[in-house]
Amino acid sequence: AAPLVTTMPRAPTAQSDAKQLAVKTSVVKRLVKEVGHYRAETQANVDRVAAMRADPTKDSYDVKKADEVLEETRMMIPDAQRRLVEALDELELLLDTVGEKPDVRAAECYPAAIEYLADRARLAGPDDAGNAA
């Protein structure tokens, strides 16, 4: 019989502070894009539904389905907004904890992280889910 080969489980490697900053900054960047996408898609659907309602040749079923698509898109904004706020909180906590370290300050993503936090009020502002219809 072949000998059993056992491997020692690896200890989890701690990510460097700069790497954690890069990951958290990229998460915020992705979520900013996602929220922007949902807002743009919502506005496009608002315009589409308004145009459909103004056109007497459009079937009421088609208008109803377009309205459903609009509402589904609107429902995505608060969730994406919540995730963005959580990501900004995590980024802020990380910078509060390790932001003074030279390797963190030297990280390529450090200026972007600071900018996201400085622009937090605009980025994590109220969602647009209930505005126009």
Side-chain angles (χ1 to χ4, degrees):
L4 290 175
V5 177
T6 58
T7 57
M8 295 294 292
R10 286 184 166 199
T13 55
Q15 286 184 334
S16 73
D17 295 329
K19 178 69 174 172
Q20 286 184 43
L21 179 65
V23 169
K24 292 188 185 308
T25 302
S26 67
V27 167
V28 169
K29 180 181 179 182
R30 177 181 52 81
L31 288 168
V32 166
K33 284 183 181 179
E34 189 173 319
V35 169
H37 167 76
Y38 283 128
R39 286 181 174 162
E41 188 176 339
T42 296
Q43 187 56 52
N45 283 332
V46 164
D47 296 343
R48 187 170 143 243
V49 168
M52 289 177 83
R53 285 188 176 139
D55 184 349
T57 64
K58 291 293 179 187
D59 184 48
S60 64
Y61 177 81
D62 292 337
V63 174
K64 179 183 172 194
K65 286 299 172 185
D67 218 7
E68 288 174 12
V69 169
L70 170 61
E71 289 310 310
E72 287 175 13
T73 305
R74 278 190 173 151
M75 289 187 316
M76 297 305 294
I77 294 173
D79 178 58
Q81 195 75 34
R82 177 192 53 77
R83 290 183 289 129
L84 175 58
V85 168
E86 289 173 3
L88 285 165
D89 288 345
E90 289 179 18
L91 181 61
E92 185 173 31
L93 180 62
L94 179 67
L95 282 175
D96 286 348
T97 307
V98 299
E100 297 302 317
K101 291 185 175 182
D103 66 321
V104 172
R105 286 188 170 259
E108 187 177 321
C109 61
Y110 182 80
I114 295 298
E115 189 176 323
Y116 283 132
L117 291 178
D119 209 15
R120 180 185 185 122
R122 183 184 64 80
L123 295 175
D127 65 65
D128 294 337
N131 281 0

Taking C-beta and beyond as the side chain, do [X] and [Y] meet within less than 4.5 Å on heavy atoms?
X      : Y     : result
Leu91  : Leu21 : yes
Arg120 : Val85 : yes
Arg53  : Asp67 : yes
Arg83  : Glu34 : yes

Rounded distance (nearest 0.5 Å) linking atom [atom1] of [X] with atom [atom2] of [Y]:
X     : Y     : atom1 : atom2 : value
Leu88 : Lys24 : CG    : NZ    : 11.5 Å
Gln20 : Glu90 : CD    : CD    : 10.5 Å
Leu84 : Arg30 : CG    : CZ    : 10.0 Å
Glu41 : Arg48 : CD    : CZ    : 10.0 Å

Gln81 (side chain) donor-acceptor with Leu123 (main chain) under 3.5 angstrom | yes
Go through the steps to decide whether Thr97 and Asp17 satisfy the test side-chain contact (heavy atoms from CB on, under 4.5 Å), and finish with yes or no.
-> CA-CA 10 Å; Thr97 307; Asp17 295 329; over 6 Å; no
Residue pair Glu72, Met76: steps toward the side-chain contact (heavy atoms from CB on, under 4.5 Å) verdict = CA-CA 7 Å; Glu72 287 175 13; Met76 297 305 294; over 6 Å; no
Exercise: identify the closest heavy-atom pair between Ala18 and Ala107 = CB-CB, 4.2 Å
Closest non-hydrogen atoms of Val32 and Tyr116, given as atom of the first, atom of the second and distance, are CG2-CE2, 4.2 Å
Worked verdict on Tyr110 versus Thr25 for side-chain contact (heavy atoms from CB on, under 4.5 Å) = CA-CA 8 Å; Tyr110 182 80; Thr25 302; over 6 Å; no
For the pair Lys65 and Asp62, find out whether any cationic side-chain nitrogen is under 4.0 Å from an anionic carboxylate oxygen.
-> no
Please report the C-alpha distance between Leu93 and Asp89 in whole Å, then the side-chain angles of each, then the deciding distance to 0.1 Å, and finally whether the side-chain contact (heavy atoms from CB on, under 4.5 Å) criterion is met.
-> CA-CA 6 Å; Leu93 180 62; Asp89 288 345; over 6 Å; no
Decide whether Val28 and Val104 are clustered together by the hydrophobic rule: side chain heavy atoms of Ile, Leu, Val, Met, Phe, Trp, Tyr closer than 4.5 Å, transitively.
-> yes
Decide if atom CD of Glu68 counts as having more than 12 heavy atoms of other residues, nucleotides or ligands within a radius under 6.0 Å.
-> yes
